[in-house]
Amino acid sequence: MLHVEGLSVRYGPVRALDDVSFEARPGKITTVLGANGAGKTTLLRTLSGLVRNHRGTASFDGQRITGRAPESIARLGVSHVPEGRGVIAELTVDENLRLGTFVRVRRGERRAVVDEIYERFPQLRDKRHRSASTLSGGERQMLVIGRALACRPRLLLLDEPSLGLSPIVTAQLMATLRELTTGDGLGAVLVEQNARSALSVADWAIVLNLGRVVVADRPARFAADADLRRHYLGF
Amino acid sequence: MTASPTRPGAEAAPSGARKRVALRPLARRLRLPSQPLVRHSILFVLGAGLFYVLTVNVGAYSDYQIGEIAVYAIVLGGLSVLTGLNGQFSLGHGAFMIIGAYTLALLQLHTHVGLVEELVIAAVIAAAAGAVVGVPAARLSPPYLAGVTLMLALGLPQLSAQYGSVFGGEQGLTTTPPPAPGTLSPERWLAWIQLFCALVVLVLLANLVRSRFGRAFRAVRDDEVAAAVSGIHVARTKVLAFTVSAGCAGLGGALLVLSTGVVNVGEFPLSLSIGLLAAMVFGGAGSLVGVWWGAVALVYMPTWSTSLSQHLSLGTSAAAYLSDSFFGVVLIIAMLVSPAGVQGGIRRIGQHLWRTVAGPAFEPVPNDPSLAAPDGTPSEVAGVEAATVRMDQETKERSRP
Amino acid sequence: MALFVDILLSGVAQGMVFAAIALGLGLVSRATGIVNFAQGAMGMFTTFIAFSLLSRGVGYWPAFVAALAAGAVLGAAVERTLIRPLQGKPALNPVIVTIGLLVVLEGVAGSIWGNVARGFPAAFSQRGLVIGRTRVAFSHFDVFLVCAVVVLVVAIVALFRWTALGLRMRAAAFSPEVSRLLGVRVGRLFTLAWALACAAGSLAGLLVAPLSSFSPYYMDLYLVYGFTAAVLGGLLSPVGALVGGLVTGIAIALVGGYVGPDLQPIAALAMLLLVLMVRPQGLFGTAGVRRV
Ligand SMILES: Nc1ncnc2c1ncn2[C@@H]1O[C@H](COP(=O)(O)OP(=O)(O)O)[C@@H](O)[C@H]1O
Ligand SMILES: [Mg+2]
């Protein structure tokens with residue numbers, strides 16, 4: 001569903017991405033690993049249109065998305081949950097969720113979609129009329145993932161969702177993610193620094209180093225190859 | 001900075017290089033000395049000579065206009081230091097001109113002090129008012145600073161109506177120009193006084209730019225937090241800049257009403273305050289040479305727009321509006337394309353010519369990496385804040401051995 | 001006592017106009033973080049358009065609506081052509097652009113319509129109402145004025161609070177990037193905010209034109225009073241704008257009635273400085289909302 005071909009991005013003289021190619025499939029989780037500054041965030045921001053690439057292409061379901069505006073990429077069904085979560089703190093929980101439904105859900109079905117999210121995350125229902133700024137870290141993560149799901153996406157782009165969460169909440173999150181991506185439905189690109197938990201759920205993993213793809217393989221390979229782990233993932 | 005024969009430019013064009021080598025010592029001798037005081041004094045004398053020649057060759061009305069240009073050069077010099085050097089701005093400098101103008105008129109009406117004392121007191125009172133406004137202004141971000149100074153420009157003139165017995169109400173007060181010595185016409189004498197003041201003020205400002213205070217102004221403009229960390233009292237520095245700037249405006253106002261013979265607030269509408277800002281941007285924020293371009297534009301724009309509107313056979317009233325609109329358009333364009341004003345353009349052409357004559361070794365403005373935006377594109381530094389770079393570059397040039 | 005009541009009433013009427021301007025300033029400021037100093041001049045310009053229509057024999061209400069529409073169009077055009085290209089530039093640049101626009105609009109209006117104070121008709125009688133046996137300084141027109149602004153404020157509040165469009169506008173203002181990732185067309189909403197704000201400015205222009213000497217500069221003072229009201233009300237909420245407008249209007253009227261009308265602008269300046277120094281977030285804002 002997502003084809004990335006020779007993608008390069010520069011910030012002035014800094015090369016943030018250099019000739020990156022990979023693919024994400026429906027129903028599969030592709031995890032993007034790498035140290036701080038490797039270019040993971042840049043990759044997601046380029047895919048969702050927030051950053052302009054300077055070489056290469058990305059296409060989603062056969063449509064070219066590089067060069068498009070973020071709002072039009074979102075309308076195709078790509079939901080990007082940004083780094084640092086992107087809760088709109090000035091709105092209530094319910095308003096945050098409703099905001100997700102405006103572009104890909106028909107007017108009459110919006111309420112039902114939001115209710116579905118509440119079914120999945122009952123804690124959010126209890127706080128639906130509270131300001132989103134009052135939520136805990138884990139609840140915020142639920143909210144942004146719920147909001148991304150309310151977009152009825154085909155592809156999720158998640159930027160370090162486990163950041164700042166306890167190991168238990170992280171494990172729950174990964175389990176939820178696995179549950180959402182099955183069959184030929186929702187696909188996900190999962191950017192993580194927490195390689196261990198990401199690898200536990202991913203179907204495919206790529207490692208970025210200084211903007212280049214240095215490893216692209218099955219997660220099992222990382223389990224087997226201690227050198228590889230130590231070299232690129234630090235454990 | 002010695003010229004190196006292995007410069008790539010010299011290799012690429014051998015014949016040009018030979019010419020350059022021959023011209024280099026000459027070019028170097030033509031450069032002004034770098035000692036600020038000496039340099040500024042030389043500029044002062046050159047300027048004075050130029051204006052002397054100008055005024056003896058023109059009629060009384062042109063004398064009046066040249067004097068007016070000098071007056072606006074003073075006001076714009078102060079504004080240019082405030083914006084170009086310190087990063088603040090003001091939409092209310094007309095108000096400080098009013099303060100200087102009325103101070104002079106009141107002194108002439110009630111006391112017998114001499115002209116020098118009158119002018120100094122006018123500047124000091126306006127500077128004091130500037131300090132009062134500068135204290136809150138130092139804490140305000142651009143939109144609020146704009147609002148506050150806008151209100152000053154609108155509100156202060158109305159005081160003359162409120163206290164009509166002191167300020168003469170709508171008619172205002174009259175002023176007497178200083179008597180001219182010998183056979184000199186009063187207009188020419190006054191124009192000389194105004195020009196002399198302008199040159200003195202600009203030399204003083206140029207020295208201020210180079211002084212400890214000038215460095216503090218720039219440091220605050222570039223990064224308030226960093227300036228504070230390095231021991232600069234940020235608020236005090238900003239208030240000082242505002243004070244100096246308002247003092248210049250006050251002196252300008254006082255000198256201006258010597259020419260007009262009357263002081264009334266009708267002479268200082270809001271459009272003047274905004275026109276001052278635009279003229280400063282037009283000349284190039286932070287350039288003390290550019291203020292002359294701005295001043296010329298302020299003085300001649302009404303005349304030009306009158307002839308333009310006659311040419312286009314618009315109504316007579318259209319003329320005044322055309323010149324106001326011109327300054328509005330200047331502001332908008334300057335912000336959208338962020339050039340460094342007329343003086344910036346001239347400087348760039350000059351640099352180009354200089355390079356072709358004197359060779360790349362004399363390239364006056366080194367690329368300053370600190371000016372570049374975080375992502376390396378200097379174009380991100382925009383508008384007035386980019387134009388403010390000018391004065392730094394002038395300074396750097398001069399300080400080179 | 002009668003004087004005091006009259007002053008109070010005229011303060012309320014003026015204050016409603018300040019509120020309409022403050023509302024427009026707040027809409028733009030909230031969406032694009034800019035204070036639009038050309039807002040008064042834009043209102044002036046569209047009111048002159050209504051004036052032209054009226055003098056060609058068009059009825060009052062069609063001209064009124066045309067001016068509001070012209071305000072919306074002008075606002076949208078300004079946002080697209082002058083403000084959007086400045087995105088990402090220092091905060092000073094858009095401020096100066098709106099100041100430049102203010103001068104240009106006044107200049108253009110002056111060269112088209114001339115700088116003579118004219119009369120602009122009022123929709124209703126401007127003679128004071130008779131209550132009991134006294135005639136108070138509050139006319140049918142003032143009633144209309146107050147109602148028009150209240151309707152405007154209620155409409156804006158309702159738009160933001162209860163409609164999907166309003167929710168999107170709030171989201172776009174608070175967090176443009178996240179909104180774009182959710183498919184919200186943020187650029188269009190900013191244009192819409194400018195259009196609404198300038199329509200509100202046009203309404204203010206139409207409402208005060210009969211009360212003042214109608215020339216290209218008649219909105220200058222209203223703009224700065226509206227700015228004071230906006231800062232007082234905290235620049236963010238429509239209700240804050242309403243209260244800020246009323247407080248400013250009454251304060252200005254008291255200064256005008258008891259001290260002197262020529263001191264009104266300086267008094268407003270003093271009030272503005274006091275608020276900026278003591279409570280920069282406005283009367284209702286919470287601390288830390290805004291850096292002055
Ligand atoms: N807006 C930006 N401007 C300039 N350089 C940036 C910007 N964003 C990121 N970078 C640089 O690009 C590289 C990749 O950053 P990023 O994508 O955030 O990495 P990661 O998410 O893997 O930590 C880093 O060297 C970073 O400094
Ligand atoms: Mg990152």
Side-chain angles (χ1 to χ4, degrees), chain A residues 41 44-45 47-51 68-92 94-108 110-111 114 131-133 140 143-144 146-153 155-159, chain C residues 26-27 29-33 79-80 84-85 87-89 156-193 233-240 281-282 284-291:
Chain A
T41 298
L44 291 198
R45 288 173 68 83
L47 293 178
S48 60
L50 290 171
V51 170
R68 282 206 191 208
E71 45 269 53
S72 99
I73 295 174
R75 278 158 196 263
L76 293 175
V78 178
S79 253
H80 179 177
V81 177
E83 196 173 17
R85 311 227 163 94
V87 158
I88 302 183
E90 292 87 348
L91 303 181
T92 66
D94 197 61
E95 285 171 336
N96 265 287
L97 289 176
R98 276 194 352 238
L99 199 58
T101 62
F102 286 148
V103 297
R104 286 173 57 83
V105 182
R106 249 179 273 126
R107 199 176 292 269
R110 287 179 186 161
R111 195 68 253 172
V114 172
S131 156
S133 60
R140 283 174 182 232
L143 178 58
V144 287
R147 192 178 61 193
L149 293 174
C151 296
R152 287 266 166 92
L155 178 68
L156 273 181
L157 306 176
L158 301 164
D159 199 345
Chain C
L27 275 171
S29 169
R30 191 154 108 152
T32 44
E79 196 274 336
R80 280 286 157 114
R84 188 156 312 175
Q87 257 175 9
K89 295 210 176 171
I156 297 281
V157 169
L159 170 74
F160 279 137
R161 220 168 266 158
W162 291 302
T163 70
L165 179 64
L167 174 56
R168 264 177 286 195
M169 287 182 80
R170 279 187 292 153
F174 290 130
S175 194
E177 193 173 287
V178 171
S179 303
R180 298 184 79 188
L181 291 177
L182 295 171
V184 176
R185 295 205 168 99
V186 170
R188 286 190 197 178
L189 295 182
F190 286 174
T191 309
L192 179 64
L235 259 176
L236 287 181
S237 79
V239 177
Q281 71 276 24
F284 313 103
T286 40
V289 166
R290 180 160 52 81
R291 200 180 72 94

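By convention in this document, chain letters (A, B, ...) are assigned in the order of the sequence lines, proteins followed by strands, and residues within each chain are numbered from 1.
Summarising the geometry of C:Leu182 relative to A:Cys151, their closest heavy-atom pair is CD2-SG, 3.6 Å, with the distance given to 0.1 Å. Here the shortest heavy-atom pairing between A:Arg75 and C:Gly183 reads NH2-O, 2.7 Å. Closest of all the heavy-atom pairs between A:Glu71 and C:Val184 is CB-O, 3.6 Å.
Interatomic distance, CD of A:Glu95 versus CZ of C:Arg161, reported as 9.5 Å (0.5 Å rounding). Between C:Glu177 atom CD and A:Leu50 atom CG the span is 4.5 Å, to the nearest 0.5 Å. The distance from the OG1 atom of A:Thr92 to the CG atom of C:Leu167 is 8.0 Å, given to the nearest 0.5 Å.
At least one side-chain heavy atom of C:Ser179 sits under 4.5 Å from a side-chain heavy atom of A:Ile88.
Sparse packing is recorded around CZ of C:Arg188, with 12 or fewer heavy atoms of other residues, nucleotides or ligands lying under 6.0 Å away.
With chain C as partner, the option from A:Arg104, A:Arg45, A:Arg110 having the largest number of non-hydrogen pairs under 4.5 angstrom is A:Arg45.
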